[in-house]
*Asks:* 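The structure's right below; bear with me while I get my questions together.
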Protein chains: 2
Amino acid sequence: MASIKDVAAEAGVSVATVSRVLNSHPSVSPDAKARVLAAVDALGYRPNAVARSLRTDQTRTLGLIISDVLNPYFTALARSVEEEARALGYSVIIGNADERPELQDHHIRTLLDRRIDGLLVSPTDGGSPQILDAARGGTPMVFVDRWIPGVDVPVVRADGCPAVRDLVAHLHRLGHRRLAIIAGPAATTTGSERVEAFRDALGELGLPLPDAYIGQGDFQADSGRRATERFLALPEPPDVVFAADNLMALGALDAIRARGLRVPQDIALAAFDDIPWFVHTDPPVTAIAQPTGDLGRAAVRALVDVIEGRPPQSVTLSARLVVRRSCGEPASNRRSNL
Amino acid sequence: MASIKDVAAEAGVSVATVSRVLNSHPSVSPDAKARVLAAVDALGYRPNAVARSLRTDQTRTLGLIISDVLNPYFTALARSVEEEARALGYSVIIGNADERPELQDHHIRTLLDRRIDGLLVSPTDGGSPQILDAARGGTPMVFVDRWIPGVDVPVVRADGCPAVRDLVAHLHRLGHRRLAIIAGPAATTTGSERVEAFRDALGELGLPLPDAYIGQGDFQADSGRRATERFLALPEPPDVVFAADNLMALGALDAIRARGLRVPQDIALAAFDDIPWFVHTDPPVTAIAQPTGDLGRAAVRALVDVIEGRPPQSVTLSARLVVRRSCGEPASNRRSNL
DNA sequence: CTGAAAGCGCTTACAG
DNA sequence: CTGAAAGCGCTTACAG
């Protein structure tokens, strides 16, 4: 592969001059510039980003650690992150933690070794030494979706509380009184917050949230399946299962189906995170939708602010309830929500 | 951040010695080794992968260009690719082409600039100059899923023909005679092959495939929606719509629902690529399942073979039909397929 | 077993 | 406007 030396030789100038035209440095004569450009073209020269990074100490690359690539929510987040990053001149390397702290740490280590300019992370746990070191060590960093309390890093997320309250009101209106939740790992903010929001909303209506109605999941489908089986085996099973993410809702659906039960007649179902498939499941699933694209874009902007030395800003957007049929039919006044 | 010099100073040895212990070079005295390790630990030193790459001319990184991150098939593929790569000591950088050739080329260019060791690609088109140059230019490369005829690059894919034949036989058995397909872009192999397989299978049963029953899609949901609307507006609409991927099936479902029609009573639906949600859609969707995990792993192994100078091997696995209820109820003899 | 030195491909003060 | 030279952080023949 042609190097800058080859270009310099071909153009009859020094490598410094080649470098200058490549970086649009103003002080290059039109003639030299033309010769360099011609040489670049003739040789099909492309600058070596590795060498450039070593020299400039910047890679124009962002790392994104997501909790699970198989989760459509994170996949949508990754897509918007990549788009915004590209618009700002950065590439992004995605690390899939698969909800496993060790794997998350592996990716953080690898990304740091590659000297990415900044890190966007949705932490899988409450804060591994790895992640805390990175934050304290001055690596530009922003939390998206999930965050770690007590760490001084900007957070970009959606506040689901009002939407959870709307959901609970909706369930109550439909006559449901025994409401259960499949929670995410307590070590994640979204794992615990969603339970708290749910509990508070129930409390406001004078409804209890017994321990037996809190299933412990890990945001993946299997755990939703197991938690739901446990609910269904209870002497007094819940009227409704609220899954704290879409994959656990999928697992819940599997478990309900395996039992030969129907949604919503036998048991109602709702989920946090809306996805296109929820329109077409049997029945369509009532869900809380996050402004995923906006979150991704805001997170990138915040991170680039940190990287480029501007004061970064935490951002909290809001989620909204999308009512479909999985919790039962409102008496009247239904409107379709595609 | 501590560099190798700092470690050398701390340990009281030369940087050469530090480098040797870092790379487990045999000829280092136990004493020197211990001192270096202690210094590494004390300083929290991590080798700079950028510098190492520049020197060794290898990045231990693979590029993966997928056609669409929002497509669960590619997401599953990406996951298995990353897993296998990690097992072999490589990282992977994913580029999402979003089914857009320019975006695909952008990512190829970026990845090449970063001097990735090899490229795994599922081409969005019939072969941009970008991709052909990379292949001819000696970049280790392997095609996964889709490929480009006439380019000397190993291909790892699934042959869907037998499964398509099974599907058509299944449809015929259920009494369907007017079968339509939503194809992917003709410039992609999977776009054209699936139509050919479908046409051939119909031919064997003496059924035609009129042009009006070939919808032109782009593997994304919207195109499936539009193609289906067109089918439904036909004077003689088809009995069955076969979508050449899962996202176009989602779009088809949207269009059918918008028209107030039911699947399979009013129109049957089948899809290429099986996904977990198809079990829970209304109705569960009959689909052709690829061995996605195996494809991803085989592709990585083939690519690493090329990179490390071993003779690479093209691999063709097979897909299989998973019958559910979206094409109608077999008279008897049904078995559930979760 | 060990170190001094060259060199990977760039960028960028410095001098002219 | 231009070039020679230093240096980013490593690895690795070479000499001892």
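Because the structure is a prediction, the values reported are computed rather than measured. Chain letters run A, B, ... following the sequence lines, proteins first, then strands; residues in each count from 1.
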*Asks:* With a 3.5 Å cut-off and no angle check, do the side chains of Arg115(A) and Ser53(A) form a donor-acceptor pair?
*Replies:* no
*Asks:* Salt bridge or not between Arg86(B) and Glu102(A)? Use side-chain N to carboxylate O under 4.0 Å.
*Replies:* no
*Asks:* Have a look at Ala49(B) and say if it touches a base, only the backbone sugar-phosphate, or nothing, with a 4.0 Å heavy-atom cut-off.
*Replies:* nothing
*Asks:* To the nearest Å, give me how far apart CE (Met1(A)) and P (dC10(C)) are.
*Replies:* 11 Å
*Asks:* Taking the side chain of Arg52(B) as its heavy atoms from C-beta onward, which of dT2(D), dT11(D), dC10(C) lies nearest to it?
*Replies:* dT11(D)
*Asks:* Which of the following nucleotides, dT11(D), dT11(C), dT2(D), is nearest to the side chain of Arg55(B)?
*Replies:* dT11(D)
*Asks:* Taking atom P in both dT2(C) and dA6(C), compute the distance separating them and give it to the nearest angstrom.
*Replies:* 22 Å
*Asks:* Could you tell me whether Arg109(A) and Asp113(A) make a salt bridge, using a distance below 4.0 angstrom between a side-chain N and a carboxylate O?
*Replies:* no
*Asks:* With nearest nucleotide decided by heavy atoms, which residue, Ala16(B) or Thr56(B), maps closer to the 5′ end of DNA chain C?
*Replies:* Ala16(B)
*Asks:* Which nucleotide wins on minimum distance to the side chain of Ser19(B), given the candidates dT11(D), dT2(D), dT11(C)?
*Replies:* dT11(D)
*Asks:* Among Leu64(B), Val142(B), Val81(B), Asp117(B), whose side-chain contact (heavy atoms from CB on, under 4.5 Å) with Leu303(B) holds?
*Replies:* Val142(B)
*Asks:* Where the side chain of Ser14(A) is defined as all heavy atoms beyond and including C-beta, which of dT11(C), dC1(D), dA4(D) is the nearest nucleotide?
*Replies:* dA4(D)
*Asks:* Once you apply a heavy-atom cut-off of 4.0 Å, does Thr17(A) come out as touching a base, just sugar-phosphate, or nothing?
*Replies:* sugar-phosphate
*Asks:* Using whole Å, report how far CZ of Arg115(A) lies from P of dC8(D).
*Replies:* 14 Å
*Asks:* Across the strands shown, which category fits Ser3(A) at heavy-atom distances under 4.0 angstrom: base, sugar-phosphate, nothing?
*Replies:* sugar-phosphate
*Asks:* Just how far, in rounded Å, is C1' of dG3(D) from NZ of Lys5(A)?
*Replies:* 15 Å
*Asks:* OP1 or OP2 of dT2(D) less than 4.0 angstrom from a side-chain nitrogen or oxygen of Ser27(A), does that happen here?
*Replies:* no
*Asks:* Among the candidates dT2(D), dA6(D), dC10(D), find the nucleotide nearest to the side-chain atoms of Ile4(B).
*Replies:* dC10(D)
*Asks:* Ser53(B) side chain N/O closer than 4.0 Å to the phosphate oxygens (OP1, OP2) of dC8(C)?
*Replies:* no
*Asks:* Between Gln290(B) and Asp145(B), is a side chain to side chain contact (heavy atoms under 4.5 Å, CB included) present by the stated rule, with each step listed?
*Replies:* CA-CA 10 Å; Gln290(B) 296 197 52; Asp145(B) 184 51; 3.8 Å; yes
*Asks:* For Asp113(A) and dC10(D), what is the distance between atoms CG and P respectively, to the nearest whole Å?
*Replies:* 10 Å
*Asks:* Using atom CZ of Arg20(B) as one end and atom C1' of dT12(D) as the other, report the distance to the nearest whole Å.
*Replies:* 8 Å
*Asks:* Whom does dT2(C) pair with, Watson-Crick or G-U wobble, provided both distances fall under 3.5 Å?
*Replies:* dA15(D)
*Asks:* Select base, sugar-phosphate, or nothing to describe what Asp57(A) touches, counting heavy atoms under 4.0 Å on all strands.
*Replies:* nothing
*Asks:* What integer distance in Å separates Gln58(A):CD from dT11(C):C1'?
*Replies:* 11 Å
*Asks:* Tell me: CG of Asn48(A) to C1' of dC8(C), nearest whole Å?
*Replies:* 9 Å
*Asks:* Can you identify which nucleotide, out of dT11(D), dG7(D), dG9(D), has its nearest atom closest to the Leu54(B) side chain?
*Replies:* dG9(D)
*Asks:* Quick check on Asn23(A): does its CG atom have over 12 non-hydrogen neighbours (other residues, nucleotides or ligands) under 6.0 Å away?
*Replies:* yes
*Asks:* Round to the nearest Å and state the distance from Asp6(A) atom CG to dC10(C) atom P.
*Replies:* 9 Å
